2 protein chains.
Amino acid sequence: MKGRPGSELQSVERAIEILRSFSYERPERGVSELSRELGLHKSTVSRLMRTLEQGGLLSRDPESERYRLGIDLIGLAAQVVDYIDVRQVARPFLRALSDLCQETVNLSVVDAGRVINLEQFVPQTRRIRNVGQVGRRMCMHCTAAGKMFLAYLPPEARGAQLHFPLERFTARTLTEPGELDADLDRVCARGYAVAQEELEDGLNVIAAPVRDHTGHVVAAVSVAGPAYRITPGMFPELGHQLVDVAAKISEQLGYRV
Amino acid sequence: MKGRPGSELQSVERAIEILRSFSYERPERGVSELSRELGLHKSTVSRLMRTLEQGGLLSRDPESERYRLGIDLIGLAAQVVDYIDVRQVARPFLRALSDLCQETVNLSVVDAGRVINLEQFVPQTRRIRNVGQVGRRMCMHCTAAGKMFLAYLPPEARGAQLHFPLERFTARTLTEPGELDADLDRVCARGYAVAQEELEDGLNVIAAPVRDHTGHVVAAVSVAGPAYRITPGMFPELGHQLVDVAAKISEQLGYRV
DNA sequence: AACAGTGTTGCGTCTTACGAAACAATTATA
DNA sequence: TATAATTGTTTCGTAAGACGCAACACTGTT
């Protein structure tokens, strides 16, 4: 193993780091901009980005000459088979729910101790909406989906998770293990989880569990929106809608109560 | 420039080659399998795949220990902004058309002289269906979408394209420039293109043009299915349905006749 | 015209990637 | 059950390839 533990091929890692530097907020990046951000020489970044462009993972705007993520990524993503069953089964349900409640609906799974959004349906009529969340990895203790996964863990596993330091994101983030534990008990009692401005100020999210044929919680369906629209008074109704949708998805995945 | 013209960083190119080796037919690959296929030493492939796994672009099945494409690709693909307007506008139309005609519906664009499918809607009720086409790049002369793009090129550009060797894929592939040119004229006259077992035996496809606000053809909408279901007698009706759907998409992109 | 910033290219250096060989584990075959 | 074949990983030495520096060309701003 080289000087950097857990590392393999440095230039491939750098290429991946470049790909990850693009976001919904920053769809176009320049060589010098990334050179500064990644702490690499601009000739190094230039060669890496050109190689990614030649390979189709980046494209270059002919006018601005800056780089964007390439359409070949769409093709690669379409070949991803992990969670394919739940993603395919869930899509029409998520779309219908988004249309019904006129808020952003997500499908999340756990990966490497974080929750990550795999599908997102955003109502087109709203101007204020929670977009660009697909692929986003978030801590579990301060997201509705994450808390839902934690809630249904066996007691030992839940205990182990609560022993990690709980990072504060907002004034409302639960950072005391005892408080979080009690909240997770309430999740089990209600059947759905709530994150009220715990990840971001002004953002409320509710989530319900999707189970596979073995009963294992494999995904979470959630509704997200601004706090002035998704008020606490609406939590029970939205929660029940989510539980209902999640149950239908679970049923199609072979789950029987 | 190194010994291989047009090349930049060899290990990044190799990593991309590994990503491209996965397909709908081969969602799982092993180290030795790819070593043979790519002509690289298995220790090289092993390191490349581990680096891609650590970076989230591959995942490893804990049981088979073989590699798959990783879910982080979903997140990257979601950040791709190229053709984002036409993709977003087209989606509900494509889904509705797929439901209506009960066949696979695609959205294609031209990239580097080939057509590539960016969106695909597959009817769930059919057992025989044309799946796994997103990301697939195909020659233009033998695909409905490709012929549609060629048909609406300015005369000089069309002429230039016809001077390239036209590869034969089936007994029905048009490989004589004069024959293809005449067929393209018919595309313009009808308003839609047809590929009747020209790319693959048993596969029939019909395509219509999507235009942006400037009138430029930016994408193609197509219906694909087995030849015993999409028979020549159905071409006119399906063609008109496609022209109609493509016109609606074009209108939302700002195109005015 | 001068300056600042961006991105590319040539070059020399040396770090990193590579392949060979050996090894451990698993699977297939007899 | 024993043996053979295959897979994937690790160590090691080598050199090919990646890297950073400096110079350059181009664009935009003052």
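Naming convention: chains lettered A, B, ... in sequence-line order (proteins, then strands); numbering from 1 in each chain. Keep in mind the model is a prediction, meaning the values are calculated, not measured.
- Taking a cutoff of 4.0 Å between a charged side-chain nitrogen and a carboxylate oxygen, B/Asp72 and A/Arg137 qualify as a salt bridge.
- Of the candidate nucleotides C/dC18, C/dT9, C/dA20, C/dA20 has the atom nearest to the side chain of B/Ser43.
- In this structure, A/Arg29 atom CZ and C/dG7 atom P are separated by 11 Å, rounded to whole Å.
- A salt bridge is absent between A/Arg60 and A/Glu65: the closest approach of a Lys/Arg side-chain nitrogen to an acidic carboxylate oxygen does not fall below 4.0 angstrom.
- Residues A/Gln79 and B/Arg68 are not in side-chain contact: their nearest non-hydrogen atoms beyond the backbone lie 4.5 Å or more apart.
- By the 6.0 Å and 45° rule, A/Arg50 does not stack over the aromatic ring of A/Tyr67.
- Between A/Ser11 and the phosphate of D/dG17, there is no side-chain N or O to OP1/OP2 separation shorter than 4.0 Å.
- Note: CD (B/Glu65) to P (D/dT9) measures 8 Å, nearest angstrom.
- Separating the CD atom of B/Glu13 from the P atom of C/dA17 is a distance of 14 Å, rounded to the nearest angstrom.
- OP1 or OP2 of D/dC19 lies within a sub-4.0 Å distance of a side-chain N or O belonging to A/Gln10.
- Within the structure, every side-chain polar atom (N or O) of B/Thr44 is placed at least 4.0 Å from both OP1 and OP2 of C/dC18.
- Of the side-chain N and O atoms in B/Arg14, one or more sit less than 4.0 angstrom from OP1 or OP2 of C/dC18.
- Atoms CD (A/Glu17) and P (D/dC19) sit 12 Å apart, rounded to a whole Å.
- The distance from atom CD of A/Glu28 to atom P of C/dG7 is 11 Å, rounded to the nearest whole Å.
- Within residues 32-41 of chain B, the residues having any heavy atom under 4.0 Å from DNA chain C are, by residue number, B/His41.
- We find that NZ of A/Lys42 is positioned 12 Å from P of D/dA22, with the value rounded to whole Å.
- Judged by distance alone, with hydrogens and angles left aside, A/Arg47 brings a side-chain donor or acceptor within reach of the base of D/dG20, the pair sitting under 3.5 Å.
- One atom, CD of A/Glu8, and another, P of D/dG8, lie 15 Å apart when rounded to the nearest Å.
- Spacing between atom CG of A/Leu9 and atom P of D/dA16 amounts to 18 Å, rounded to whole angstrom units.
- Checked for salt-bridge contact, A/Arg114 and A/Glu167 miss the test: no charged N lies under 4.0 Å from a carboxylate O.
- In summary, B/Glu8 and B/Arg14 do not engage in a salt bridge, as defined by a charged side-chain N under 4.0 Å from a carboxylate O.
- Not counting sequence neighbours, the partners of B/Arg26 by the side chain to side chain contact (heavy atoms under 4.5 Å, CB included) test are B/Ser23, B/Arg29, B/Glu33, B/Glu37.
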